[in-house]
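Heavy-atom basis, side chains included; hydrogens, waters and symmetry copies ignored.
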Amino acid sequence: MLGRTYERENCSAARALEVVGERWSLLIIRDAMFGGARRFTDFERSLGIASNVLAARLELFTENGLMESRRAADGAEVREYVLTARARDLEPVILALSAWGDTWAAPNGAPIVYRHRRCESPVHLDLRCDTCGDSLPPGEIVAVPGPGLQ
């Protein structure tokens with residue numbers, strides 16, 4: 001069984017999984033990003049997650065700069081959890097995971113369609129080459145050593 005950290009891995013994907021790789025993590029971020037969840041009870045209600053698990057995830061997210069915990073804007077005696085730019089950068093990850101799920105795990109079709117806020121058209125991820133501009137299908141991307149490999 002894998003531990004929570006991957007000290008032996010010099011890999012950005014492994015480091016990201018230390019923060020957002022737990023089962024509930026991306027669902028919490030998804031609900032904040034697309035569902036408007038901000039309060040502990042919002043997440044609890046929408047996900048049906050155990051309160052101790054939710055509390056641990058929200059604490060991890062605030063410690064790692066994915067969320068900021070603030071006093072509720074309406075003055076209520078509760079905290080709100082607001083996504084930071086670091087968390088918002090996970091949007092393509094959620095879209096990619098959802099697209100995979102729509103293809104391979106949604107027998108009745110996509111349960112949620114992501115749309116462009118301004119024109120309301122569906123959005124799709126598109127991987128492109130920086131040099132030639134080609135759209136890259138699966139199998140056309142290779143991994144090579146980068147500057148952080150030691």
Side-chain angles (χ1 to χ4, degrees), residues 1-73 78-117 121-130 134-150:
M1 180 167 208
L2 289 173
R4 186 162 165 253
T5 61
Y6 306 94
E7 295 93 11
R8 297 181 57 205
E9 290 287 327
N10 186 7
C11 171
S12 296
R15 290 183 187 130
L17 287 173
E18 290 180 6
V19 180
V20 297
E22 187 276 331
R23 173 182 174 170
W24 292 105
S25 295
L26 289 177
L27 298 178
I28 293 167
I29 292 170
R30 177 207 61 195
D31 280 12
M33 193 174 290
F34 298 109
R38 297 186 108 174
R39 295 181 179 186
F40 193 93
T41 55
D42 295 338
F43 295 110
E44 243 180 345
R45 186 175 34 258
S46 69
L47 295 169
I49 185 174
S51 60
N52 62 324
V53 174
L54 177 57
R57 293 307 162 269
L58 292 173
E59 182 178 342
L60 178 71
F61 293 161
T62 56
E63 288 172 0
N64 284 277
L66 295 171
M67 288 183 158
E68 293 176 358
S69 174
R70 302 178 183 162
R71 186 179 181 128
V78 295
R79 308 294 297 171
E80 291 185 338
Y81 296 89
V82 180
L83 295 174
T84 64
R86 181 177 286 191
R88 290 228 168 259
D89 278 350
L90 287 166
E91 186 173 278
V93 174
I94 293 170
L95 293 176
L97 192 59
S98 295
W100 185 91
D102 291 346
T103 300
W104 300 104
N108 298 319
I112 297 171
V113 177
Y114 295 94
R115 296 185 177 274
H116 183 200
R117 184 181 308 276
S121 293
V123 296
H124 306 280
L125 291 179
D126 185 26
L127 299 176
R128 294 198 170 269
C129 175
D130 280 349
D134 283 357
S135 184
L136 304 174
E140 287 296 311
I141 299 171
V142 297
V144 298
L149 187 64
Q150 298 173 4

Begin from the C-alpha positions of Asn10 and Arg15 and carry the test side chain to side chain contact (heavy atoms under 4.5 Å, CB included) through to its verdict.
-> CA-CA 8 Å; Asn10 186 7; Arg15 290 183 187 130; 2.8 Å; yes
Measure across Tyr114 and Ser98 and return the closest heavy-atom pair with its distance rounded to 0.1 Å.
-> OH-OG, 3.5 Å
Output the distance between atom CZ (Arg57) and atom CZ (Arg23), rounded to the nearest 0.5 Å.
-> 11.0 Å
In terms of heavy-atom contacts, Met33 and Ala87 come closest through CE-O, 3.4 Å
Derivation of the side chain to side chain contact (heavy atoms under 4.5 Å, CB included) call for Val78 and Thr41 | CA-CA 10 Å; Val78 295; Thr41 55; over 6 Å; no
Intermediate values then yes/no, side chain to side chain contact (heavy atoms under 4.5 Å, CB included), Phe34 and Ile112 = CA-CA 10 Å; Phe34 298 109; Ile112 297 171; over 6 Å; no
Atom pair CG/CG of Leu83 and Asp89 - distance to nearest 0.5 Å | 11.0 Å
Any side-chain heavy atom of Ile29 within less than 4.5 Å of one from Phe61?
-> yes
Leu95 side, atom CG; Leu90 side, atom CG - distance, nearest 0.5 Å = 11.0 Å
Could you check if a side-chain atom of Leu47 sits within less than 4.5 angstrom of a side-chain atom of Arg30, using non-hydrogen atoms only?
-> yes
Minimal non-hydrogen separation, Gly36 against Asp42, with atom names = O-OD2, 4.4 Å
What is the distance from atom CD1 of Ile49 to atom OG of Ser51, rounded to the nearest 0.5 Å?
-> 9.0 Å
Report yes if some heavy atom in the side chain of Glu22 is under 4.5 Å from a heavy atom in the side chain of Leu60; otherwise report no.
-> no
CZ/Arg128: more than 12 non-hydrogen atoms of other groups inside 6.0 Å = yes
Residue pairs fulfilling salt bridge (charged side-chain N to carboxylate O under 4.0 Å, His left out) with at least one residue in residues 90-115, sequence neighbours excluded | none
Under a 4.5 Å cut-off applied to non-hydrogen side-chain atoms, are Arg79 and Arg39 in contact?
-> no
CG (Leu125) and CD1 (Ile94) are apart, to the nearest 0.5 Å, by 11.0 Å
Taking all atoms of both residues into account, what is the closest heavy-atom pair of Ala73 and Glu80, and its distance?
-> N-OE1, 3.6 Å
Does Tyr81 reach the side chain of Thr62, with side-chain heavy atoms less than 4.5 Å apart?
-> yes
Might you point out which heavy atoms bring His116 and Val123 nearest each other, and give the distance in Å?
-> N-CG1, 3.6 Å
Smallest heavy-atom separation, Leu58 atom then Phe40 atom, equals CD1-CD1, 3.7 Å
